[in-house]
Chemist: 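Just passing along the structure, written as structure tokens.
Letters go in sequence order (proteins before strands), and every chain restarts at 1.
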Amino acid sequence: KAGVTQTPRYLIKTRGQQVTLSCSPISGHRSVSWYQQTPGQGLQFLFEYFSETQRNKGNFPGRFSGRQFSNSRSEMNVSTLELGDSALYLCASSSTGTGEGSEKLFFGSGTQLSVL
Amino acid sequence: GESVGLHLPTLSVQEGDNSIINCAYSNSASDYFIWYKQESGKGPQFIIDIRSNMDKRQGQRVTVLLNKTVKHLSLQIAATQPGDSAVYFCAEINSGGYQKVTFGTGTKLQVIP
């Protein structure tokens with residue numbers, strides 16, 4: 001069974017541009033969540049999607065958005081990029097995303113975004 | 001607000017010794033805790049979890065201890081190996097909300113051969 005796949009692996013953009021990151025969850029998983037990881041802030045929750053609906057959202061500005069498709073693949077978009085958006089963006093999938101029992105998050109390797 | 005913090009940012013351990021990584025959490029409503037390991041260039045990998053109705057859980061070479069009285073979580077790694085070198089995160093989940101996991105800032109474990 002393939003793991004969580006994130007593309008692209010690395011991305012370089014300039015301020016003001018926008019970017020779209022892609023995540024393919026583990027087959028059968030319906031919950032996809034996104035995290036931003038920086039050395040100073042650690043892992044911070046962006047949002048979570050389940051069955052094409054955003055169920056939960058972290059404390060990030062509206063420049064950060066996402067969506068989920070019927071096949072559970074998800075995309076994350078950041079508009080009007082700022083220098084502070086440079087980070088590793090991680091996607092994680094789980095079967096239902098309810099946190100019940102031993103619900104585990106499976107992470108991809110991330111997309112390293114550098115904003116110049 | 002909710003926060004999960006780690007006591008030590010870096011831990012150096014001799015190969016073969018036991019490692020103990022600590023974590024403090026502040027949300028008493030959290031009922032599920034997870035330890036993740038993140039190696040360089042990779043995403044976090046699940047190690048072990050524990051529910052709030054337990055105070056200890058053992059896995060292969062790893063043990064997680066939960067002290068709800070002082071809101072403290074620890075990860076013990078027995079006979080630490082060079083392959084254990086990584087950043088370790090604790091995370092808490094309040095299953096009253098959907099998959100909103102709060103992570104600590106991480107502890108870097110360095111294994112000295």
Side-chain angles (χ1 to χ4, degrees), chain A residues 3-6 9-10 21 23-26 29-51 53-60 68 74 87-112, chain B residues 1-10 21 23-27 29-54 57-59 62 64 86-108:
Chain A
V4 179
T5 304
Q6 289 188 249
R9 186 71 180 89
Y10 301 95
L21 313 180
C23 172
S24 294
I26 290 173
H29 283 191
R30 298 169 64 188
S31 170
V32 174
S33 51
W34 289 89
Y35 295 84
Q36 182 195 66
Q37 186 176 34
T38 59
Q41 298 295 320
L43 274 160
Q44 293 194 301
F45 173 78
L46 281 155
F47 28 66
E48 186 253 348
Y49 287 87
F50 182 83
S51 293
T53 301
Q54 187 182 88
R55 284 196 307 197
N56 215 337
K57 190 177 188 300
N59 298 320
F60 277 81
Q68 186 180 34
S74 178
L88 179 67
Y89 290 88
L90 289 159
C91 164
S93 77
S94 62
S95 57
T96 66
T98 61
E100 297 289 339
S102 292
E103 182 78 3
K104 300 177 183 63
L105 281 175
F106 294 87
F107 283 87
S109 294
T111 294
Q112 184 67 54
Chain B
E2 299 176 10
S3 68
V4 178
L6 293 171
H7 293 307
L8 298 174
T10 305
I21 301 171
C23 174
Y25 65 95
S26 61
N27 186 359
S30 293
D31 53 1
Y32 180 46
F33 303 88
I34 309 172
W35 279 101
Y36 283 91
K37 171 186 180 184
Q38 187 174 22
E39 297 174 279
S40 181
K42 298 182 180 179
Q45 179 184 9
F46 174 93
I47 301 173
I48 191 169
D49 58 356
I50 188 168
R51 296 204 68 83
S52 60
N53 60 355
M54 303 170 67
R57 191 170 188 208
Q58 287 185 296
V62 294
V64 55
V87 176
Y88 290 81
F89 297 93
C90 65
E92 60 177 312
I93 298 175
N94 179 350
S95 57
Y98 290 115
Q99 208 54 276
K100 185 176 179 179
V101 184
T102 305
F103 288 90
T105 54
T107 292
K108 184 176 181 180

Chemist: For A:Gln37, which atoms come within 4.5 Å of any heavy atom of chain B: side chain, backbone, both, or neither?
Modeler: side chain
Chemist: The test is side chain to side chain contact (heavy atoms under 4.5 Å, CB included); show your working for A:Leu43 and B:Phe89 and say whether it passes.
Modeler: CA-CA 9 Å; A:Leu43 274 160; B:Phe89 297 93; 4.3 Å; yes
Chemist: For a side chain to side chain contact (heavy atoms under 4.5 Å, CB included) check, start with the C-alpha distance between B:Phe103 and A:Phe45, then their side-chain angles and the critical distance, and finish with the verdict.
Modeler: CA-CA 9 Å; B:Phe103 288 90; A:Phe45 173 78; over 6 Å; no
Chemist: Quick one: what part of B:Gln38 sits under 4.5 Å from any heavy atom of chain A, side chain, backbone, both or neither?
Modeler: side chain
Chemist: Does the ring-ring contact (aromatic ring centres under 6.0 Å, His included) test come out yes or no for A:Phe107 and B:Tyr36, once each step is laid out?
Modeler: CA-CA 10 Å; A:Phe107 283 87; B:Tyr36 283 91; 5.5 Å; yes
Chemist: Please report the shortest heavy-atom distance between B:Gly43 and A:Leu90, naming the atom on each side.
Modeler: CA-CD2, 3.9 Å
Chemist: Please round to the nearest 0.5 Å and tell me the distance separating atom CG of A:Leu105 and atom CD1 of B:Ile93.
Modeler: 6.0 Å
